[in-house]
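Below you'll find the structure, written out as structure tokens, and then a few comments.
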Amino acid sequence: MGSASPGLSVVSPGCLLLSPDVALRTGVEKPAVETVGPEKREWSPSPPATPEQGLSAFYLSYFNMYPEDGSWVAKVPAASAREEPLEEPEQCPVIDSQASGSSLDEHSLEQVQSMVVGEVLKDIETACKLLNITADPGDWSPGNVQKWLLWTEHQYRLPPAGKAFQELGGKELCAMSEEQFRQRAPLGGDVLHAHLDIWKSASTSEEGWTDGEVDSSCSGQPIHLWQFLKELLLKPHSYGRFIRWLNKEKGIFKIEDSAQVARLWGVRKNRPAMNYDKLSRSIRQYYKKGIIRKPDISQRLVYQFVHPV
DNA sequence: TAACAGGAAAATT
DNA sequence: AATTTTCCTGTTA
């Protein structure tokens, strides 16, 4: 795992570089990115209307900002190992990267991305719980702001800058430019600002699920559960915390938050009493229909589309 | 304890 | 009629 792979361009320990053009397109201001490749690659397969522009900036900065000494490279596998200590290599080509390096572009990159999105959002979620603050920085009280600063400083080993932002509420904080951040906190102000950006993008992409519909494609027929699941899987930036691909090519996916996925399904079908017990029963109906099955190595909350595309 | 497997039947379209 | 929901008994990790 330690060896850098050509496909994934592990630039330096702790800095996994996603396609550099992302940085250009979004004008993200990260000096750490020296590599400037002209290659082009679409960031996300989903329709263009959504806030992914902000999001790509958000990943990049997340990467470059990730602290210390190679911990990041180790972090992706480690994070998945949390739940399934022995993830099959074939289900996780991300780690399989030293092989050939040729095929490892489009698809694997996509997988890495959606995986990363999930991780980032999960991190934010846990931070929210830990600090007892909302995900949306706009709602923060001055106290919340201080908590967030403290936590971020700690996470990323930044010099303390809390008192430079005293008395500031979330609204004011969000309104501040990077320049203003740097004025208040010459050391690490830029990093703090970039992090705030991450939180902002993450919480705007969240509006989608809170009460809004999952998709506006009201095309007559009632939607099937398997279609719904694919819809969610298509939008990792919104739903990556709840459900994500383990191996998109093979159609293997994992439900990370069964309660939330069930809730969303209930919203879509106007079935407020929906829960994972019932949702999973519906999935099981697909077994004999040959639409979804359990993967060869059966794991909790992991299913596989029989005909992936 | 939560996920899993499926039978049975009601409900929804 | 097809599909999903609801409820259920029992098993597995």
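Chain naming here is simple, since letters A, B, ... match the order of the sequence lines and numbering starts at 1 in each. Given the structure is predicted, the values throughout are model-derived calculations rather than measurements.
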query: Can you check whether A:G240's main-chain N or O pairs, donor with acceptor, with A:E256's side chain at less than 3.5 Å?
result: no
- prompt: Taking atom P of C:dT4 as reference, at what distance in whole Å does atom CZ of A:R268 sit?
  reply: 13 Å
- request: Inspect the contact between A:R293 and A:D296 and indicate whether a charged nitrogen and a carboxylate oxygen are less than 4.0 angstrom apart.
  value: yes
A:W265 side chain near C:dT5 phosphate (N/O to OP1/OP2, under 4.0 Å): yes
task: Give the ring-plane orientation class for A:Y156 versus A:W151, where under 30° counts as parallel, over 60° as perpendicular and anything between as tilted.
output: perpendicular
message: Does A:S298 reach a base, just sugar-phosphate, or nothing at all? Heavy atoms under 4.0 Å.
response: nothing
field: d(CE, A:M274; P, C:dC7) in whole Å
entry: 11 Å
message: What is the distance, to the nearest angstrom, from the CD atom on A:E256 to the C1' atom on B:dA3?
response: 15 Å
- request: May I ask you to verify if any side-chain N or O of A:H224 is less than 4.0 angstrom from the OP1 or OP2 atom of C:dT3?
  value: no
query: Looking at A:L130, A:L131, A:T152, which hits side-chain contact (heavy atoms from CB on, under 4.5 Å) with A:K147?
result: A:L131
task: Select base, sugar-phosphate, or nothing to describe what A:W226 touches, counting heavy atoms under 4.0 Å on all strands.
output: nothing
- request: Select base, sugar-phosphate, or nothing to describe what A:L225 touches, counting heavy atoms under 4.0 Å on all strands.
  value: sugar-phosphate
- prompt: Does A:Y286 or A:D277 map to a spot on DNA chain C nearer the 5' end, using the closest nucleotide for each?
  reply: A:Y286
query: Nearest of B:dT12, B:dA3, B:dG6 to any side-chain atom of A:Y287?
result: B:dG6
statement: By nearest-nucleotide position on DNA chain B, the 5'-leaning member of A:Q285 and A:S280 is A:S280
- request: For A:N270 and C:dT6, give me the distance from atom CG to atom P, rounded to whole Å.
  value: 12 Å
message: Base, sugar-phosphate or nothing for A:R271? Non-hydrogen atoms, less than 4.0 Å.
response: sugar-phosphate
statement: Closest to the side chain of A:K269, out of B:dA3, C:dT6, C:dT4, is C:dT4
message: How many whole angstroms separate atom NZ of A:K254 from atom C1' of B:dA3?
response: 12 Å
- prompt: A:Y286 side chain to A:L225 main-chain N or O, any donor-acceptor pair under 3.5 Å?
  reply: yes
- prompt: For the pair made of CG in A:D257 and C1' in B:dA2, what is the distance, rounded to whole Å?
  reply: 13 Å
- line: A:Y276 atom OH is separated from B:dC4 atom C1', nearest whole Å, by 8 Å
message: From the set B:dA8, B:dC4, C:dC7, return the single nucleotide nearest to any side-chain atom of A:K278.
response: C:dC7
query: Is a donor-acceptor pair below 3.5 Å formed from side chain A:R300 to base B:dA2, judging by atom type as modelled?
result: yes
- request: Using a 4.0 Å heavy-atom cut-off across all strands, classify A:K289 as base, sugar-phosphate, or nothing.
  value: sugar-phosphate
- prompt: For A:I223 and C:dT5, what is the distance between atoms CD1 and P respectively, to the nearest whole Å?
  reply: 11 Å
message: Let's see if you can work this out: which of C:dT4, C:dT5, B:dA3 has an atom nearest to the side-chain heavy atoms of A:S258?
response: B:dA3
- prompt: Between A:E231 and A:K235, is the closest basic N to carboxylate O distance under 4.0 Å?
  reply: no
Heavy-atom donor-acceptor pair, A:R284 side-chain to B:dG7 base, under 3.5 Å: no
